[in-house]
Amino acid sequence: MKILAIGNSFSEDATCYLQRISQGELYVRNLYIGGCSLEKHIECLIGDLKEYDFQKDGKALRKISIREALSYKDWDYITVQQVSGLSGIEDSYEPYLGQLISHIKKSNPFAKIILHKTWAYEHESTHQDFGRYDNNQKIMYEKIGEVIEHYAKKYSLPIVPAGDAIQKLRTEVEEFDYLRGGRSLCRDGYHLSFDYGRYAAALIWYRFFTGHPITEVTYAPRGTKRKIIEIIKSTI
């Protein structure tokens, strides 16, 4: 099963462990430009710009354009997303999302297009765009959900709910917070931590695309604690 993520650092976080988790069942590549918005994707598409890192397991293989990446494989799934700071701002998506979807359908008519629902920032995040949500994680999470649901309905697209899993771990599992020693699921207030944050997002993607129960996954990032991994699996 071949998956291409058209995204930025948030799709990098979500896909970093995905291929390794699948143990060969999934072929995963990520198109990465840091802070890349839907508007920037369309700019790169129109200009056929080779500005993306073509990533495997979070590491760049080479520079590539969207057009080249779309023709690289007969992709089964192609994910799209807005840049994190604008992910809950409805009018930031258009006309760019519609243009991107239209191009994907023309270039890859057999691929299924998926919306990636990303996560809200941490409570004390200093990200410049957090003010759009009154510096409130709950408000940001809810706004992302409203906007993603709106565009999923508009374009009849499925949603991979990584942001829901992260929020659930943050707010519903006291034992998880205790065992991880109070460490954030983000490494800087908005990007996922290299261990449990990225792993949780990858598990959600794995279950979404394969339908397999995540409790059966045997891979875990080096240095993680088995007890915490088991809590993540049983929670999300």
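Quick caveat, the model's predicted, so the values are computed rather than measured. Only this structure's heavy atoms are used, side chains among them; waters, hydrogens and symmetry mates stay out.
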Distance-only polar pair, side chains of T79 and H116, donor-acceptor under 3.5 Å: no
Donor-acceptor side-chain pairing of N30 and S11 below 3.5 angstrom: yes
Would you check if the side chain of [X] reaches a backbone N or O of [Y] as a donor-acceptor pair within less than 3.5 Å?
X	Y	result
S102	G98	no
K233	V217	yes
T210	Y206	yes
Y133	G88	yes
N8	G34	no
S71	R67	yes
K168	T235	yes
R132	Q128	no
D188	H191	yes
Y32	G58	no

Between H41 and Y52, ring centroids under 6.0 Å: yes
Within the 6.0 Å centroid threshold, strictly below: Y93 and H150: no
May I ask you to say whether [X] pairs ionically with [Y], meaning some side-chain N is under 4.0 Å from a carboxylate O?
X	Y	result
E142	K138	yes
D195	K225	no
K154	E94	yes

Roughly how far apart are [X] [atom1] and [Y] [atom2], rounded to 0.5 Å?
X	Y	atom1	atom2	result
Y219	Q23	OH	CD	10.5 Å
K2	L4	NZ	CG	12.0 Å
I228	Y199	CD1	OH	12.0 Å
L18	E25	CG	CD	10.0 Å
T118	I166	OG1	CD1	10.5 Å
L38	L100	CG	CG	6.5 Å

Considering all heavy atoms, the nearest [X]-[Y] contact:
X	Y	result
L169	A200	CD1-CB, 3.7 Å
T15	A5	CG2-CB, 4.3 Å
N108	K73	ND2-O, 4.0 Å
R170	C186	NH2-SG, 3.4 Å
S84	H127	OG-NE2, 4.3 Å
Y155	L97	CE1-CD2, 4.0 Å

side-chain contact (heavy atoms from CB on, under 4.5 Å) assessment of R20 paired with D57: CA-CA 8 Å; R20 281 172 279 185; D57 300 335; 3.7 Å; yes
Same cluster (ILVMFWY, side-chain, under 4.5 Å), F194 and I21: no
Same apolar cluster (I L V M F W Y, side chains within < 4.5 Å links), L49/L31: no
Greater than 12 external heavy atoms within 6.0 Å of E90's CD: yes
Would you indicate whether the side-chain heavy atoms of [Y] and [X] approach each other to under 4.5 Å?
X	Y	answer
I64	R62	yes
E122	Q137	yes
R207	I204	yes
I114	F208	yes
S107	L70	yes
E68	D48	no
I232	Y196	yes
I113	V80	yes

Residues E146, K143; criterion salt bridge (Lys or Arg N to Asp or Glu O under 4.0 Å); working and verdict: CA-CA 5 Å; E146 291 170 6; K143 290 296 294 181; 3.6 Å; yes
Worked verdict on R198 versus E12 for salt bridge (Lys or Arg N to Asp or Glu O under 4.0 Å): CA-CA 9 Å; R198 281 185 165 185; E12 176 187 50; 3.8 Å; yes
From CA spacing to verdict: side-chain contact (heavy atoms from CB on, under 4.5 Å), V28, K56: CA-CA 7 Å; V28 184; K56 173 188 176 184; over 6 Å; no
Check against side-chain contact (heavy atoms from CB on, under 4.5 Å), F209 and D76: CA-CA 10 Å; F209 286 107; D76 297 299; over 6 Å; no
Evaluation steps, side-chain hydrogen bond (donor to acceptor under 3.5 Å, both in side chains), between Q82 and S92: CA-CA 8 Å; Q82 178 58 294; S92 74; 3.1 Å; yes
Derivation and outcome, salt bridge (Lys or Arg N to Asp or Glu O under 4.0 Å), residues E51 and K40: CA-CA 10 Å; E51 295 192 4; K40 176 66 174 179; 3.1 Å; yes
Pi-cation contact, Y27 with R29 (under 6.0 Å, within 45°): yes
Working for side-chain contact (heavy atoms from CB on, under 4.5 Å), residues I33 and C44: CA-CA 10 Å; I33 296 176; C44 291; 3.9 Å; yes
Parallel, tilted or perpendicular, as decided by the 30° and 60° cut-offs, for the rings of Y72 and W75: parallel
Test ring pair (Phe, Tyr, Trp, His ring centres under 6.0 Å) applied to W119 and Y141, Y190, F10, the passing residue: F10
